**Q** 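After the structure tokens below, expect a handful of questions from me.
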Protein chains: 4
Amino acid sequence: MTRSSPGRPPNSVGRAAALTVARDLVRTVGYERVTLAEIAERAGVGRQTLYRWWPSKQAIVAACVLEDVLPVQPMVADSSGDLRADLRAWMADSAAALAGDDSSALFRGLLAAAASDAHAADALEARLSRPIRQAITAAFAAAGHPGDPAVTADILIGALLNAIVTRDPAARDRLIGVVDLVAAPPL
Amino acid sequence: MTRSSPGRPPNSVGRAAALTVARDLVRTVGYERVTLAEIAERAGVGRQTLYRWWPSKQAIVAACVLEDVLPVQPMVADSSGDLRADLRAWMADSAAALAGDDSSALFRGLLAAAASDAHAADALEARLSRPIRQAITAAFAAAGHPGDPAVTADILIGALLNAIVTRDPAARDRLIGVVDLVAAPPL
Amino acid sequence: MTRSSPGRPPNSVGRAAALTVARDLVRTVGYERVTLAEIAERAGVGRQTLYRWWPSKQAIVAACVLEDVLPVQPMVADSSGDLRADLRAWMADSAAALAGDDSSALFRGLLAAAASDAHAADALEARLSRPIRQAITAAFAAAGHPGDPAVTADILIGALLNAIVTRDPAARDRLIGVVDLVAAPPL
Amino acid sequence: MTRSSPGRPPNSVGRAAALTVARDLVRTVGYERVTLAEIAERAGVGRQTLYRWWPSKQAIVAACVLEDVLPVQPMVADSSGDLRADLRAWMADSAAALAGDDSSALFRGLLAAAASDAHAADALEARLSRPIRQAITAAFAAAGHPGDPAVTADILIGALLNAIVTRDPAARDRLIGVVDLVAAPPL
DNA sequence: CCCTAAACGAGACGGTACGTCTCGTCTTTAT
DNA sequence: ATAAAGACGAGACGTACCGTCTCGTTTAGGG
């Protein structure tokens, strides 16, 4: 017996569509020029409905980047047993994911949201930084590495942020050097 | 011989006042809620005058943080001869300068401006990242250190950015650990 | 069956309030010093809403004078059978309606709008001149008068304009003489 | 004995140039869009100098139309002895002077200035209406006409105003009919 | 021949209104 | 009950212009 409420059912399709549209807009026009009216129109969703799902524009942008479509894999994934190689691989993936100018713009939008809204910053921490930190912690433990994984996580995340906010391709190219330096000698 | 133009001279007092006021506002209310009208009023300056000096709100915020009042010392300054100690000292200073919640808000405003405006990002690069990179380059050269100073600079700057955008005090406390890790082994 | 659209209905109360407020402002401070911001505030209406209803300030002023509150009765009204007496009565009414300095200011605002904006001029023609011309045409036809009613209408309207733009009370007093001269001999 | 002050003499060339330029601008772009900055630049005159000569923008526009370049001859001029023919000739001249769309725009600018500024209205009265009234008064006296010349003057001036503010060519064509009606029967 | 002083051009200023944009809310009808 | 539609109040944005003020400059007498 499917117990169903009376009334019109929630538009779960529209929710996903809104996030996809928002993501495309952040990519193409940049965070500041994203408009809720345009998200609603393109997603075929009422504008008020967006406010039923998220409390503000910043929240939508943060959600659309983090919800499930983050271009950075949060995990070291398949541990080859070689910690250094794992980190290098992850960083290479992440840098590649950010190589496209549009993905960079997307992540920059998240950064803008986080810089001006504490809730978005919390989301960034919970959905990006913390998983990375935990993954590195696990990897360190598995490898018996003595260092502080949180510090290493800060470095890697910070280097990514720096490469994104600076739109400098050279900084992006140096990311792999960051891993080599951080993970270098004793690992 | 000061050769001067005809016409009323620019109101350099007002210009400085505008920057100071803007800085205070970014600190207290956050970048998004800063209003040019309020900057103008508090600084005793016409609103149009702000647009005569800077092309946009982002530019004003970037300028007010970077112009001359950057809370981060861009230089390793007095080289003690010990590269590692110098970096530690600089990072400690920078972390302290960002310790106050208001300074953190100030820098976060710059970050928001840079994330949503390429000109502000350029200013950030020119006024913050590049000096730091050059200073570290010089310090590495003086100490005969073989590493890539740009990578080290990326790490330090990135760790700062991360500590700022994340409002997490723990991340701030880990900054000194970042230096220890980066400058650790061979120095 | 009132077929109605979805969505919040237009704020017709506010619309009427805006016109009333605009009219009062034109009267008291004069067309040039009327501010849309003040109209909006006093009418309890958003400023943008004014632009949703009218395309410009001139249009609002033209509308507020003409919409339904024109101080000049556009018709000869009750035909007494005596064309000359009807015209005299109408002109006396119109002159009286303009006797107050504030009504004069109101109409002068319309004139300023019409002089600097073709749309306002069209509105003036459609809402004031044409009805008067038509009324006189009808009156001439009913009375079997052979003259060109358009010429007479031009004269009466023009004399009113002259009395208004010149702020001279003597010109106002001569208006009845205008009717006597125009309608004089053969009528 | 030319008593002359020391100091640089007023730039009377620039003054005339400013009026000419202002007149051209009123003609081409309309009163509302005339800019003092543009008048000053085109006339090769400092902006402040305009304010040394006239108290406001309205005053400049009024001056530039009335100063010496009024397109309407204020006089019946050569009295042929036939009052009706004189009036017809004058009205025909005036209508012709206003026939060009640019002259019409010029006069409409004066009207806009007069409608929103009492000083401009005074200038209009003193420089246009009063001379016409006086000329008609003189003509009536010379012809021994019994009517009130002020009323006739009001009618003729008003009809001109009406033809100008209404941009309707038909109203312009009816001007001669106005004269015929006013001057018709007993003259 | 300098000197004083009036008028000047240039141009930045404080202020204010404009018309546009977007936000987040509110109110209606439709599902 | 929830949605789409859509108008709304609020308020910041960036532009334009006004009328003022402050300079350095020109151009004439007057000493």
Side-chain angles (χ1 to χ4, degrees), chain A residues 4-11 14 32-38 40-41 43-52 54-58, chain B residues 3-12 14-15 32-38 40-41 43-53 55-57, chain C residues 3-12 14-15 32-38 40-41 43-53 55-57, chain D residues 2-12 14 32-38 40-41 43-58:
Chain A
S4 141
S5 311
R8 181 170 176 165
N11 179 357
E32 295 263 286
R33 280 199 277 268
V34 168
T35 293
L36 288 204
E38 184 148 25
E41 187 187 1
V45 156
R47 200 141 63 85
Q48 180 61 50
T49 302
L50 298 180
Y51 284 100
R52 286 190 197 104
W54 298 280
S56 69
K57 175 183 166 180
Q58 284 94 344
Chain B
R3 285 295 299 113
S4 155
S5 308
R8 180 174 179 165
N11 180 359
S12 55
R15 183 186 168 113
E32 295 261 287
R33 279 199 279 267
V34 168
T35 292
L36 289 206
E38 183 148 25
E41 187 187 1
V45 154
R47 198 149 64 86
Q48 178 62 46
T49 301
L50 298 180
Y51 287 101
R52 290 189 190 108
W53 287 331
S56 69
K57 176 182 164 180
Chain C
R3 284 295 300 113
S4 161
S5 311
R8 179 173 179 167
N11 180 359
S12 55
R15 183 185 168 113
E32 296 262 285
R33 279 199 280 266
V34 168
T35 292
L36 290 205
E38 185 149 25
E41 187 186 1
V45 154
R47 199 148 61 86
Q48 178 61 46
T49 300
L50 298 180
Y51 286 101
R52 291 189 191 108
W53 287 330
S56 69
K57 176 182 165 181
Chain D
T2 59
R3 282 296 300 116
S4 156
S5 312
R8 179 173 177 165
N11 180 358
S12 55
E32 294 262 286
R33 280 200 278 268
V34 168
T35 293
L36 288 206
E38 185 149 24
E41 187 188 1
V45 156
R47 199 142 64 86
Q48 179 61 51
T49 301
L50 297 179
Y51 285 100
R52 290 188 191 108
W53 288 331
W54 298 280
S56 69
K57 175 183 166 181
Q58 284 95 342

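Chain A is the first sequence line, chain B the second, and so forth, proteins listed ahead of strands; every chain is numbered from 1. Since the model is a prediction, treat every value here as computed from it, not as a measurement.
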**Q** In Å, rounded to the nearest 0.5 Å, how long is the span from OH of B/Tyr51 to OG of B/Ser56?
**A**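 B/Tyr51 atom OH to B/Ser56 atom OG measures 8.0 Å (nearest 0.5 Å).
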**Q** Nearest 0.5 Å, what's the CG-CH2 distance between D/Asn11 and D/Trp53?
**A**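 One gets 5.0 Å once the value is rounded to the nearest 0.5 Å.
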**Q** Applying side-chain hydrogen bond (donor to acceptor under 3.5 Å, both in side chains), can you list everything that pairs with C/Arg8, at least two apart in sequence or on another chain?
**A**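 If we apply the side-chain hydrogen bond (donor to acceptor under 3.5 Å, both in side chains) test to C/Arg8, skipping adjacent residues, there are no hits.
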**Q** Who passes side-chain hydrogen bond (donor to acceptor under 3.5 Å, both in side chains) against C/Glu32, sequence neighbours left out?
**A**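 Residues passing side-chain hydrogen bond (donor to acceptor under 3.5 Å, both in side chains) with C/Glu32: D/Gln58.
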**Q** Measure the distance from CG on C/Leu50 to P on F/dG9 and round it to the nearest whole Å.
**A**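 My rounded result for the distance is 9 Å.
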**Q** Residues two or more places apart in sequence or in another chain: which of them pass side chain to side chain contact (heavy atoms under 4.5 Å, CB included) with B/Glu38?
**A**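 B/Glu38 satisfies side chain to side chain contact (heavy atoms under 4.5 Å, CB included) with B/Leu25, B/Thr35, B/Arg42 only.
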**Q** Let me know the distance between CD of A/Glu32 and C1' of F/dA12, rounded to the nearest Å.
**A**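 So the CD-C1' distance, A/Glu32 to F/dA12, works out to 12 Å.
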**Q** What are the two closest non-hydrogen atoms of A/Arg47 and A/Ala37, and how far apart are they?
**A**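 Distance-wise, the nearest heavy atoms are CD-CA, 3.5 Å.
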**Q** Whole angstroms only, please: what is the OH-P distance between D/Tyr51 and F/dC17?
**A**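 Computing the D/Tyr51:OH to F/dC17:P distance gives 12 Å.
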**Q** Write down the distance between CH2 (A/Trp54) and C1' (E/dC23), rounded to a whole number of angstrom.
**A**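 After rounding, the reported distance stands at 17 Å.
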**Q** Go through DNA chain F and write down every stem, that is, every run of at least three consecutive Watson-Crick or G-U wobble pairs with distances under 3.5 Å, as range with range.
**A**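 If one scans DNA chain F for consecutive Watson-Crick or G-U pairs, the stems found are E:1-31 with F:1-31.
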**Q** Give the nucleotide from the list E/dC23, E/dT28, F/dG19 with an atom nearest to the side chain of C/Pro6.
**A**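 The listed nucleotide nearest to C/Pro6's side chain is E/dT28.
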**Q** Nucleotide by nucleotide, 5' to 3', does protein get under 4.0 Å of the base (B), only the sugar-phosphate (S), or neither (-) in nucleotides 12-17 of chain E, counting heavy atoms?
**A** BBBB-B
**Q** Side chains of B/Arg15 and B/Ser12: do they bring a donor and an acceptor to under 3.5 Å?
**A**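 No.
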**Q** Just to verify, what does D/Ala43 make a side chain to side chain contact (heavy atoms under 4.5 Å, CB included) with, not counting sequence neighbours?
**A**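 By the side chain to side chain contact (heavy atoms under 4.5 Å, CB included) rule, D/Ala43 matches D/Ala17, D/Ala18, D/Val21, D/Val45.
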